[in-house]
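Quick notes on the structure that follows.
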Amino acid sequence: MRRLAGIDFEAPATEVARALIGADLQVDGVGGLIVETEAYDEDDPASHSHRGPTPRNATMFGPPGHAYVYRSYGLHWCLNIVCCRAGHGAGVLIRALEPRHGLDAMRQRRGLADPRLLCAGPGRLAQALGITKAHDGLPLSGPPFALSLATLMHDVRCGVRIGISLAVEQPWRFGLVNSRFLSRPLR
DNA sequence: CTTTCGATGATCT
DNA sequence: GATCATCGAAAGG
């Protein structure tokens, strides 16, 4: 499934990462507006796909528009949307969203009340939305996922990515400049 | 406000 | 055996 929610998931990861800002993402009815993303593609030393397919990163190599979920630091789950083309492994990490639907479920899963901390970071977001390895490889085009057309956001800026040690200077993190729900402010 | 550090386990060398 | 696309608590200024 190449196109979804008005986005071409065979486009370069940076384009997809930019286009996803403002889209509404839900998992079983729980979710909100994507406000922060990061692009990773096969030419990028920081990307899981950089050294080619392995059991962990296999879903990054296709098909596009599917979820790539991996375990981070042995504790957290992180959600990507695959945006590969022709065997070129790539994806966009969903780093933060503005909660809009299912706030009670999010609060319960996170053990927190503060809406600003429910989905501000990839691990927090996955916990709030109930995402686990079970979602790895599932298409975003149907249940339990729902991805709907982005509201056009004009105040999107890019900056350096977070938590990586390679290719640290690439400006491949995208976010809504004045959102209160970012994992960290943009530079 | 900032920095540091422990938790915790799959993955790859 | 080392390295993490993280988080939260604790300690320090």
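By convention in this document, chain letters (A, B, ...) are assigned in the order of the sequence lines, proteins followed by strands, and residues within each chain are numbered from 1.
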Next on the checklist: What verdict does the side chain to side chain donor-acceptor pair (under 3.5 Å) test give for A:R110 and A:Q127, after you've listed the backbone C-alpha separation in whole Å, the side-chain angles of each residue and the deciding distance to 0.1 Å?
Outcome noted: CA-CA 7 Å; A:R110 294 272 301 123; A:Q127 185 181 30; 2.7 Å; yes
Checklist entry - Quick one: which of A:Q170, A:H50, A:R161 gives a side chain to side chain donor-acceptor pair (under 3.5 Å) with A:D44? => result A:R161
Checklist entry - Is there a Watson-Crick or G-U wobble partner for B:dT8 with both distances under 3.5 Å, and which nucleotide is it? => result none
Next on the checklist: Expressed as a whole number of angstroms, how long is the span from A:H76:NE2 to C:dC4:P?
Outcome noted: 16 Å
Checklist entry - Nearest of C:dA5, B:dC12, C:dC7 to any side-chain atom of A:L93? => result C:dA5
Item to check | Contact nearer the 5' end of DNA chain B, comparing A:S72 with A:R51 | outcome: A:S72
Item to check | Between C1' of C:dT6 and CD1 of A:I94, the distance in whole Å | outcome: 16 Å
Next on the checklist: When you measure from the side-chain N and O atoms of A:R71 to the phosphate of C:dT6, is any distance below 4.0 Å, counting only OP1 and OP2?
Outcome noted: no
Checklist entry - Of the nucleotides B:dT8, C:dT6, C:dA5, which has the atom closest to the A:L75 side chain? => result B:dT8
Checklist entry - Is the phosphate of C:dA5, meaning OP1 or OP2, less than 4.0 Å from a side-chain N or O of A:H48? => result yes
Next on the checklist: In this structure, how many angstroms lie between the P atom of C:dA2 and the CG atom of A:L166, rounded?
Outcome noted: 18 Å
Next on the checklist: Considering every strand and a 4.0 Å limit on heavy-atom distances, what is the contact class for A:G74: base, sugar-phosphate, or nothing?
Outcome noted: base
Checklist entry - Does a nitrogen or oxygen in the side chain of A:S165 sit under 4.0 Å from OP1 or OP2 of C:dT3? => result no
Checklist entry - Which nucleotide in the set C:dT6, C:dG8, B:dC12 lies at the smallest distance from any side-chain heavy atom of A:R124? => result C:dG8
Checklist entry - Is any N or O donor-acceptor pair between the side chain of A:Y70 and the base of C:dA5 shorter than 3.5 Å? => result yes
Checklist entry - Counting only N and O atoms by type, is there a donor-acceptor contact under 3.5 Å from the side chain of A:N57 to the main-chain atoms of A:T54? => result yes
Checklist entry - Between A:D8 (side chain) and A:E10 (backbone), is there a donor-acceptor pair under 3.5 Å? => result yes
Item to check | For atom CZ of A:R161 and atom P of C:dC4, their distance in whole Å | outcome: 13 Å
Next on the checklist: From CZ of A:R184 over to C1' of B:dT3, roughly how many Å is that when rounded to an integer?
Outcome noted: 12 Å
Next on the checklist: From CG of A:N57 over to C1' of B:dC12, roughly how many Å is that when rounded to an integer?
Outcome noted: 11 Å
Next on the checklist: What's the closest nucleotide to the side chain of A:T54 if the choices are B:dT11, C:dT6, C:dA5?
Outcome noted: B:dT11
Checklist entry - Hey, are A:S183 and A:E36 close enough side-chain-wise for a donor-acceptor pair under 3.5 Å? => result yes
Item to check | Euclidean distance, atom OH of residue A:Y40 to atom P of C:dC4 [Å, nearest integer] | outcome: 12 Å
Checklist outcome for this item: Taken to the nearest whole Å, CZ/A:R56 to C1'/B:dA10 is 8 Å
Checklist entry - Can you find a side chain N or O atom of A:R110 that sits less than 4.0 Å from OP1 or OP2 on C:dC7? => result no
Checklist outcome for this item: Mate of C:dA5 across any strand shown (Watson-Crick or G-U wobble, both atom pairs under 3.5 Å) is none
Checklist entry - In terms of side-chain heavy atoms, does A:D24 have a donor or acceptor partner in A:H101 at a distance below 3.5 Å? => result yes
